[in-house]
Amino acid sequence: MTTFARFIEQAWADHADAPQAVADRLAVAIASIATPDDVPAYTRIVTHVMGEHLGEWHRGIALLDALRRDPVLGATPAAQEALRHGVATLRYTSGDVAALGALTADDRSAVLAAAAGALAGRGDFDAALATYANAVALAAKLPPGATAFRSLAVTGNNLAVALEEQSVRTPEQTQGMVAAAQAALAFWRLAGTWLEQERAHYRLACSHLAASDPRPAIDAGKLCAQLCQANDAPAFERFFAYAVLARALREAGRRADAADMRAEAFAWFARIPEGERHWCEADLAELA
């Protein structure tokens, strides 16, 4: 790992607890970027920290514009795409709707997906859901292999998680939560592996449960478990599949079936390496 890559890794590790300090470090670090290969990673964290965490849109835009003007650092296709998306995302989330005007449909969809994630991170869920819906509508016209599909899958998953964690939601937000999880699954089918699709089924089951709708949660949980079976998934994945299926069956009043799936979940938990078990704590609590 290069020195700059280690810097970016540490910035991600620190940013949630000290976003302003990380932003200041990023502003200084722009002078140490020596290759266009470093630009995408730098752009992602600048966009995230200065947009979603701090709302310092114009500070982030100024840094990324400086890289765009550099004849070497901004020259590769990967660097150009990252900078184009980063600047447009910061502009759009700052309220500049003209930010999308010169972009292709693929770029617009990816930028809207990123903007939706940033808005959700700032707690504006209604705007996030509306923005994500616009991104999904644009994506319906994109050709196979569009780069926006992965961004839409990631954002749909993250929106669903964020809304599941809210103790109070409006009916529209609950509906949007489930729609986001459904969209994430659809886009992972276009842009992901079986593992990402399996986890998307898990997420959809969780969103249905958060919406107090256990029957479709059962269907999603079964599909999650089936993908695990078909692909000889590790114990870690199978635990989550059977755990969410047990919860859905319990909520649907199918106590005996729920008990069977609960036992299956614990059997797979026993096979999970010790170092991975801490990720299972929330689902274990739900099974208690």
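Keep in mind it's a predicted model, so treat the numbers as computed, not measured. Hydrogens, waters and symmetry mates play no part in the numbers below; they use all other heavy atoms, side chains included.
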Please check if the number of heavy atoms outside [X] that lie under 6.0 Å from its [atom1] is greater than 12.
X    : atom1 : result
R6   : CZ    : yes
Q175 : CD    : no
Q166 : CD    : yes

Which heavy-atom pair separates [X] from [Y] by the least distance, and what is that distance?
X    : Y    : answer
G51  : R122 : O-NH1, 3.5 Å
A210 : M177 : CB-CE, 3.8 Å
A248 : P214 : O-CB, 3.6 Å
A148 : A110 : CB-N, 3.7 Å
A88  : A99  : O-CB, 3.7 Å
A116 : T155 : CB-CG2, 4.1 Å

Would you call [X] and [Y] a side-chain contact if the rule is heavy atoms closer than 4.5 Å?
X    : Y    : answer
D232 : R238 : yes
L64  : T47  : yes
R199 : L195 : yes
L73  : D38  : no
I218 : K222 : yes
P144 : F149 : no
E237 : N231 : no
Y242 : C224 : no

- Only one of L152, L112, L119 passes side chain to side chain contact (heavy atoms under 4.5 Å, CB included) with Y132; say which it is. L152
- Query: With respect to R262, which candidate in L287, D257, L249, L245 satisfies the side chain to side chain contact (heavy atoms under 4.5 Å, CB included) definition?
  - Reply: L287
So, [X] side chain and [Y] main chain: donor-acceptor pair closer than 3.5 Å or not?
X    : Y    : answer
D106 : T147 : yes
S109 : L138 : no
R69  : G74  : no
W268 : F266 : no

Verify same cluster id: [X], [Y] (apolar side-chain graph, 4.5 Å):
X    : Y    : result
L54  : I45  : yes
V244 : V161 : no
Y202 : V178 : no
L90  : L103 : no
I8   : L83  : yes

- Item | Worked check of side chain to side chain contact (heavy atoms under 4.5 Å, CB included) between R250 and E286 | CA-CA 11 Å; R250 182 183 64 200; E286 292 284 356; 4.2 Å; yes
Gap between atom [atom2] of [Y] and atom [atom1] of [X] - 0.5 Å precision:
X    : Y    : atom1 : atom2 : answer
T89  : L100 : OG1   : CG    : 8.5 Å
E164 : L159 : CD    : CG    : 11.0 Å
L223 : C228 : CG    : SG    : 11.0 Å
T131 : D124 : OG1   : CG    : 8.0 Å
Q173 : D126 : CD    : CG    : 4.5 Å
T76  : D37  : OG1   : CG    : 6.5 Å

- Message: Using the rule given for salt bridge (charged side-chain N to carboxylate O under 4.0 Å, His left out), can you reason through R59 versus D24, listing the C-alpha separation, both sets of side-chain angles and the distance that settles it, and then say yes or no?
- Response: CA-CA 10 Å; R59 188 185 187 194; D24 292 342; 2.9 Å; yes
- R247 vs C206, side chain to side chain contact (heavy atoms under 4.5 Å, CB included): CA-CA, chis, key distance, verdict: CA-CA 9 Å; R247 290 170 54 203; C206 290; 4.1 Å; yes
- Query: Looking at F269, does the NZ or CZ of R277 lie under 6.0 angstrom from its six-membered ring centre and within 45 degrees of the ring axis?
  - Reply: yes
- Item | Test log, rule salt bridge (charged side-chain N to carboxylate O under 4.0 Å, His left out), inputs R150 and E196 | CA-CA 11 Å; R150 190 171 187 87; E196 289 156 332; 2.8 Å; yes
- Query: Going through the checks in order, is the side chain to side chain contact (heavy atoms under 4.5 Å, CB included) test met by Q10 and D14?
  - Reply: CA-CA 6 Å; Q10 189 61 51; D14 296 343; 2.9 Å; yes
- Pair F187-V136, side chain to side chain contact (heavy atoms under 4.5 Å, CB included): steps then yes or no: CA-CA 9 Å; F187 287 113; V136 171; 4.0 Å; yes
- Message: Between E198 and W194, does the side-chain hydrogen bond (donor to acceptor under 3.5 Å, both in side chains) criterion hold? Intermediate values first, please.
- Response: CA-CA 6 Å; E198 173 255 308; W194 73 265; over 6 Å; no
- Message: Over 60° means perpendicular and under 30° means parallel, so tell me whether F7 and F4 are parallel, tilted or perpendicular.
- Response: tilted
- Task: Give me the ring orientation class for H48 and W12: parallel if the planes are under 30° apart, tilted from 30 to 60°, perpendicular past 60°.
- Result: tilted
- Going by an N to O cut-off under 4.0 Å, is there a salt bridge joining D65 and R68? yes
